[in-house]
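Numbers for residues simply follow the sequence, beginning at 1. Atom set for the values below is all heavy atoms of this structure, side chains included, hydrogens, waters and symmetry mates excluded.
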Amino acid sequence: QVQLVESGGGLVQAGGSLRLSCAASGRTFSWYAMAWFRQSPGTEREFVAGINWSDGTEYADSVMGRFTIYRDNSKTTVYLQMNSLKPEGTAVYYCGAGGGALGNSSTEYAYWGRGTQVTVSS
């Protein structure tokens with residue numbers, strides 16, 4: 001069982017930056033693939049970025065070059081550094097943990113946090 005708690009969301013102007021954190025419980029954190037997804041009203045949960053147990057990463061095309069995902073296994077925390085934010089990035093951002101390979105489908109992640117709201121004003 002893994003429990004995830006996201007933090008770091010807020011209101012930011014377009015072009016600004018935010019860093020999201022996802023604190024995980026459990027001693028096997030380092031084995032999990034971790035990912036960030038986002039969801040705005042009326043849309044499906046969308047893959048943003050993911051990182052596997054060996055620090056391999058994957059990004060959605062829409063955030064490539066602007067967002068960076070990284071993990072600190074000693075703190076059982078995964079981060080999402082978001083730069084050059086755009087208004088279309090407004091959404092609730094969710095952290096997911098999965099025991100399999102890194103993937104971009106929400107069905108590959110068994111554990112989820114409650115999300116943190118990110119609002120980007122134009």
If every non-hydrogen atom of Arg19 is compared with every non-hydrogen atom of Tyr70, which pair is closest and at what distance? NH1-OH, 3.0 Å
So how far is it from Thr68 OG1 to Tyr59 OH, rounded to the nearest 0.5 Å? 4.5 Å
At what distance, to the nearest 0.5 angstrom, does CD of Gln3 lie from CD of Gln1? 6.5 Å
Output the distance between atom CZ (Arg114) and atom SG (Cys95), rounded to the nearest 0.5 Å. 14.5 Å
Nearest atoms (heavy-atom pairs only) where Ser17 meets Ser84: OG-N, 4.3 Å
Test of understanding: clusters of I, L, V, M, F, W, Y form through side-chain heavy atoms closer than 4.5 Å, transitively. Do Leu20 and Val12 belong to the same one? yes
Assess whether side-chain contact (heavy atoms from CB on, under 4.5 Å) is satisfied between Tyr79 and Ile69, documenting all intermediate values. CA-CA 6 Å; Tyr79 302 93; Ile69 186 172; over 6 Å; no
Only residue of Asn83, Leu11, Val118 satisfying side chain to side chain contact (heavy atoms under 4.5 Å, CB included) with Leu18 is Val118
Polar side-chain atom of Thr76 near backbone of Asn73 as donor-acceptor pair, under 3.5 Å: no
Which atoms form the tightest heavy-atom contact between Tyr109 and Leu102, and what is the distance? OH-CD1, 3.4 Å
Closest non-hydrogen atom pair, Met34 against Ala97: SD-CB, 3.5 Å
Distance under 6.0 Å and angle within 45° of the ring axis: does Arg45 meet both against Trp112? yes
Which atom names give the shortest non-hydrogen contact between Glu46 and Ser62, and what distance separates them? OE2-OG, 4.4 Å
Drop me the distance from Ser30's OG to Asp55's CG, to the nearest 0.5 angstrom. 10.5 Å
Check whether NZ of the Lys or CZ of the Arg Arg38 lies under 6.0 Å from the centre of the six-membered ring of Tyr94 and within 45 degrees of that ring's axis. no
Using atom types as modelled and distance alone, determine if a side-chain donor or acceptor of Thr90 lies under 3.5 Å from a backbone N or O of Val120. yes
Nearest 0.5 Å, what's the OH-CG distance between Tyr32 and Leu4? 9.5 Å
Report yes or no: does Glu6 contribute a side-chain atom to a donor-acceptor pair with the main-chain N or O of Cys22 at less than 3.5 Å? no
4.5 Å side-chain heavy-atom contact, Thr116 and Ser7: no
All heavy atoms of Trp36 vs all of Val78, minimum pair found to be CZ2-O, 3.9 Å
Heavy-atom count around Gln117 CD within 6.0 Å, excluding the residue itself: above 12? yes
Does Val92 belong to the same Ile/Leu/Val/Met/Phe/Trp/Tyr cluster as Phe47, with side-chain heavy atoms less than 4.5 Å apart forming each link? yes
Hydrophobic clustering (ILVMFWY, side-chain heavy atoms < 4.5 Å, transitive) - are Tyr93 and Ile51 grouped together? yes
Please evaluate residues Phe29 and Val2 with respect to the criterion side-chain contact (heavy atoms from CB on, under 4.5 Å), reporting the C-alpha separation (whole Å), side-chain torsions for both, the decisive distance (0.1 Å), and the verdict. CA-CA 8 Å; Phe29 171 80; Val2 177; 5.9 Å; no
Could you walk me through whether Thr77 and Arg71 pass the side-chain contact (heavy atoms from CB on, under 4.5 Å) check? CA-CA 6 Å; Thr77 299; Arg71 65 195 299 164; over 6 Å; no
